[in-house]
There are 2 protein chains.
Amino acid sequence: MATSRGYHHGDLRAALIGAALAAAEAGGPEAVSLRDLAQSLGVSTAAPYRHFPDRRALLAEVAALGFRELEQAYARAQADAPDARAALRETARAYLTLAFGRPGLFRMMFAGDLVDAADAPASLLSAAREAWEGLYRAVAAADPGADLAEVKRRAITGWSTLHGFIVLVQGGRLKGFMTEPLTEAELLEAVLEKTLTAN
Amino acid sequence: MATSRGYHHGDLRAALIGAALAAAEAGGPEAVSLRDLAQSLGVSTAAPYRHFPDRRALLAEVAALGFRELEQAYARAQADAPDARAALRETARAYLTLAFGRPGLFRMMFAGDLVDAADAPASLLSAAREAWEGLYRAVAAADPGADLAEVKRRAITGWSTLHGFIVLVQGGRLKGFMTEPLTEAELLEAVLEKTLTAN
DNA sequence: GTCGCAATGTAAGCGATGCTTACAAAAGGA
DNA sequence: TCCTTTTGTAAGCATCGCTTACATTGCGAC
């Protein structure tokens, strides 16, 4: 799985991001150990610190990857949709798809002390911002009559509905008797419906 | 701050839960260190393990406390309301109040590997369940005509809206240009409105 | 080409964490 | 009063993030 491998690794930085992504997809942010990554890449435990000031900086890079992927999913959804209303629906669905399709990465993107930190890297901030703007544009396009405040209100409350559902499901809060006669697929459609409802 | 203090502490278990609660309110779940708690209570680092099998079991007890508090807040809100519709609104508001008033405790309650764990203590599971039922009852009472599936749909999507907003705010996702002309108070009312909207 | 510097890697160790094991003290019932 | 159970302690293991001092190497200036 590795070539030659002299004293220098070649591209340890990229390798670390890749390995961290894999670890995160498997077990979420807390499953990423710098020591493990270093060992699996055949490198000393101090080597990662040549490329990242600390652990969170590496995680932030992975999270940025996730936001870029989300933004691209938004773009695809909007390009493929027949009209603005459908585009909004598919944008919301893309959010759910990323969250449930790659839960570890999704948890990394919202890991709390990554984006909302004084030392958050610019790559993460801009990626997160672009993803937000992809969502925002879809809401604005679907309701051309709405003013700025109204669009933001709808974008934020809709995002809240999507995000809350994901967090509750992933936290195991919606199980058994709580959902009783409803399947997860039905719930997902209900959430999508509420997300799109402009109250 | 302590009396006599012989070899035995007196009620170390309760003291640990109290200290953990205080630490959690200050800095969330990850700010709770068993060693710190033990030291602050003047006890050895191994002593806590006489009362809790591991760290998560202690955190679970604190989370259970939070759910009991939430359930009581629900009960108060519903008792004070003039009608079922208002009761539902105040129930939702109670959720927001707990979340924003005691963010550390709230984060503990939804700390991911506490409720949704094979070894979750019964005290936590029942407390979480009762809180859910408090919310569920408010939704059912507000719409007497709705069938079981519809009530659950509304309860879950409404809860998602509330919860998602809280998580996004606490994660620092709604800052600056994202909310631009809206204040947090306005957003909170918008979220409340969307929560109550039966789509 | 070669020489020197900046970039990148290593070895060793610090301090903190959760948790375990073997032992000591004390509380409380027979 | 004794003896069992409960509750505490001391010491130490493994892991983690991170730091420091040093080793190696690639690469650009001459």
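What you are looking at is a predicted structure, and each value in this text was computed from that prediction instead of being measured.
Distance from the side chain of Arg55(B) is smallest to dG18(C) among dG9(C), dC18(D), dG18(C). Candidate nucleotides dC19(C), dT9(D), dA12(C) were compared by shortest atom distance to the side chain of Thr45(B), and dC19(C) ranks first. Nearest to the side-chain atoms of Ala46(A) among the listed nucleotides dT17(C), dA12(C), dC19(C) stands dA12(C). Checking dC18(D), dG18(C), dA11(D) against the side-chain heavy atoms of Leu34(A) singles out dC18(D) as nearest.
In terms of modelled atom types and a separation under 3.5 Å, the side chain of Lys194(A) and the main chain of Arg154(B) share no donor-acceptor contact. Listed for the Arg55(B) side chain is a donor-acceptor partner under 3.5 Å among the backbone atoms of Val32(B).
Between Phe52(B) atom CZ and dT7(D) atom C1' there is a gap of 14 Å when expressed in whole angstrom units. Remark: P of dG18(C) and CG of Asp113(B) are 13 Å apart, rounded to the nearest angstrom. Between the C1' atom of dG17(D) and the CD atom of Glu30(B) lies a distance of 16 Å, rounded to the nearest Å. In this entry the distance linking CD of Gln39(B) with C1' of dT17(C) reads 14 Å, nearest Å. Look at CG on Leu12(A): it is 8 Å from P on dT10(C), rounded to the nearest Å. Here dC18(D) presents its P atom at 12 Å from CG of Leu37(A), a figure rounded to the nearest Å. As rounded to whole Å, 10 Å separates atom P of dG8(D) from atom CG of Leu41(B). Going from atom OH of Tyr49(B) over to atom C1' of dA11(D) covers 15 Å, rounded to whole Å.
A donor and an acceptor atom sit less than 3.5 Å apart, one in the side chain of Arg50(B) and one in the base of dG8(D).
Among the atoms of the strands shown, base atoms are found under 4.0 Å from some heavy atom of Arg35(A). Here Asp11(B) lies out of heavy-atom contact (under 4.0 Å) with every strand.
At a threshold of 4.5 Å between non-hydrogen side-chain atoms, the residues Arg13(B) and Phe52(B) count as touching. The shortest side-chain heavy-atom distance between Lys152(A) and Thr179(B) does not fall under the 4.5 Å cut-off.
Under the 4.0 Å criterion applied to side-chain N and carboxylate O atoms, Glu184(A) and Lys175(A) are not assigned as salt-bridge partners.
An OP1 or OP2 oxygen of dG17(D) is reached within less than 4.0 angstrom by a side-chain nitrogen or oxygen of Ser33(A). The side chain of His51(A) places an N or O atom within less than 4.0 Å of a non-bridging phosphate oxygen (OP1 or OP2) of dG9(C).
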